[in-house]
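Chain identifiers are assigned alphabetically (A, B, ...) following the order of the sequence lines, protein sequences preceding nucleic acid strands; residue numbering begins at 1 within each chain.
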Number of protein chains: 2
Amino acid sequence: MLLFHFDICQYVLMTTPPLSACCPALLDHPLDEEQAEELTRLLKALADPVRLRLLSMVAAAPTGEICACELPSRLGRSQATISHHLSLLVRAGVLVREQRGKWAWFRILPEQFEAIREALAVPAAVSQG
Amino acid sequence: MLLFHFDICQYVLMTTPPLSACCPALLDHPLDEEQAEELTRLLKALADPVRLRLLSMVAAAPTGEICACELPSRLGRSQATISHHLSLLVRAGVLVREQRGKWAWFRILPEQFEAIREALAVPAAVSQG
DNA sequence: GTAGCATATCGATATCCATCGAAGGGAGTG
DNA sequence: CACTCCCTTCGATGGATATCGATATGCTAC
């Protein structure tokens, strides 16, 4: 029985993107410190108004990508600040950066969003109170 | 046509919990500053390892609720710190507090979790790149 | 009322982080 | 090469916040 469960887990680990399986569902089992830190890192990356607006602008761009050059004026922040937020989001795995000539272009990497959504899913036992 | 759309929105507003409709989907349209601040407030409330573990302990409790009295020892934080985190989560709308005698009991309020999940949903246009 | 426990609040501290100006690094242009 | 433009990195600063000890509040029991 234990072996069977282990095999299932191995299978899931091999067939799903590793970032999607970042953390177990928050409301299913008590998280240990390491799991909590991991999910916290993801949530902190999103928990900033400038970064949220930045992500929504990238996603809403007609081509699905956006040039960093237009962001300082659209967000009312200095170029240094925008660069800071962009590299933070790339490090967090929610954006990818591509250099083209002297411009840097960014687009959404959707896996981490799905990972957070899965981690925050409310199990039936909880939603029934 | 516009009227019809308006009526649908009114209907949704009346029939869903107001907190669930806190913010539009992040990756569907560019967020304005106010919408970004609102979603940020929710995400910040979750973006702390102690609070995440606290929430997972409440959800995993057999009765779906937990007494504040057992949390300082289980989380390795002072009583003052736990109290701070608990009141923050209540203010954020993810926990409800109920006083019973001298003990305070807490349980999960699932609406905000669903609100965040909806806000972070990845539209097909984005996930296809 | 008094004593004792559970919880909240206060005040202080240390750390984290968003922000910006300035300087540095690369890529294109002439 | 020199010059310009885009972007990153550095250093400094102000504000937010996690933490705790001490104190206050509130409830129960006697």
Side-chain angles (χ1 to χ4, degrees), chain A residues 31 33-34 36-58 61 65-92 94-107, chain B residues 31 33-58 61 63 65-92 94-107:
Chain A
L31 261 51
E33 279 205 44
E34 191 183 352
E37 293 279 358
E38 180 106 14
L39 184 51
T40 297
R41 217 171 306 136
L42 251 181
L43 290 168
K44 270 189 199 294
L46 298 187
D48 179 274
V50 171
R51 289 197 286 275
L52 287 183
R53 296 188 65 203
L54 207 153
L55 288 171
S56 72
M57 286 177 184
V58 176
E65 53 188 6
I66 213 169
C67 175
C69 55
E70 63 178 274
L71 294 171
S73 60
R74 288 185 65 184
L75 289 164
R77 295 293 189 285
S78 76
Q79 193 272 323
T81 297
I82 297 296
S83 174
H84 161 69
H85 287 304
L86 285 171
S87 65
L88 191 154
L89 289 170
V90 169
R91 245 176 298 141
V94 294
L95 277 187
V96 277
R97 189 195 127 110
E98 186 187 340
Q99 186 85 30
R100 292 190 206 147
K102 38 183 176 176
W103 292 277
W105 291 79
F106 294 85
R107 56 179 193 280
Chain B
L31 261 51
E33 279 205 45
E34 191 183 352
Q35 296 166 333
E37 293 279 359
E38 179 106 14
L39 183 51
T40 297
R41 217 171 305 136
L42 250 181
L43 290 169
K44 269 190 201 291
L46 298 186
D48 179 275
V50 170
R51 290 197 286 274
L52 286 184
R53 296 187 64 203
L54 206 153
L55 288 171
S56 71
M57 286 177 183
V58 175
T63 60
E65 54 188 3
I66 213 170
C67 175
C69 54
E70 63 179 271
L71 294 171
S73 60
R74 288 183 66 184
L75 288 166
R77 293 294 188 287
S78 76
Q79 188 271 322
T81 297
I82 297 295
S83 174
H84 162 69
H85 287 304
L86 285 170
S87 65
L88 191 153
L89 289 170
V90 169
R91 244 176 299 140
V94 294
L95 278 187
V96 275
R97 189 196 127 110
E98 185 185 341
Q99 185 86 28
R100 292 191 206 147
K102 39 183 175 175
W103 292 278
W105 292 77
F106 295 85
R107 58 179 191 280

Problem set entry | Spacing of Trp103(A) atom CH2 relative to dG26(C) atom P, expressed in whole Å | 19 Å
Exercise. Side chain to side chain contact (heavy atoms under 4.5 Å, CB included) with Leu89(A): which of Val96(A), Leu95(A), Val58(A)?
Worked result: Leu95(A)
Exercise. Rounding to a whole Å, what distance do you find between Arg41(A):CZ and dC17(C):P?
Worked result: 12 Å
Exercise. Listed by chain and number, what are the side-chain hydrogen bond (donor to acceptor under 3.5 Å, both in side chains) partners of Glu38(B), not counting sequence neighbours?
Worked result: none
For this session: Using the test side-chain hydrogen bond (donor to acceptor under 3.5 Å, both in side chains), find all partners of His84(B) that sit at least two apart in sequence or belong to another chain.
Result: none
Exercise. Separation of Arg91(A) atom CZ from dC17(C) atom P, in whole Å?
Worked result: 11 Å
Problem set entry | Pairwise 5' ranking along DNA chain C for Cys69(B) and Ala47(A), keeping only the more 5' one | Cys69(B)
Seminar exercise, completed: note: Leu75(A), atom CG; dC7(D), atom C1'; distance rounded to Å ~ 16 Å
Seminar exercise, completed: With sugar-phosphate taken as primed atoms, P, OP1 and OP2 and all else as base, the protein-contact string of nucleotides 19-25 of chain C at under 4.0 Å (heavy atoms; B, S, -) is BBBB---
For this session: Grab the CD1-P distance between Ile66(A) and dC6(D) for me, whole Å please.
Result: 16 Å
Exercise. Can you find a pair of side-chain heavy atoms, one from Leu75(A) and one from Met57(A), that are under 4.5 Å apart?
Worked result: yes
For this session: Starting from P on dT15(C), measure out to NZ on Lys44(A) and report it in whole angstrom.
Result: 16 Å
Exercise. Tell me: CD of Glu98(A) to P of dC6(D), nearest whole Å?
Worked result: 18 Å
Review item, nucleotides 24-30 of chain D N/O atoms under 3.5 Å of protein N/O:
none

Exercise. Does the side chain of Arg74(B) come within less than 4.5 Å of Arg53(B)'s, by heavy atoms?
Worked result: no
For this session: Name all pairs fulfilling the salt bridge (Lys or Arg N to Asp or Glu O under 4.0 Å) condition that reach into residues 78-89 of chain A, sequence neighbours left out, sorted by first residue then second.
Result: none
Exercise. Among all residues two or more places apart in sequence or in another chain, which pass the side chain to side chain contact (heavy atoms under 4.5 Å, CB included) test with Arg91(B)?
Worked result: Ser87(B), Leu88(B)
For this session: To the nearest Å, give me how far apart CD (Glu33(A)) and P (dA18(D)) are.
Result: 15 Å
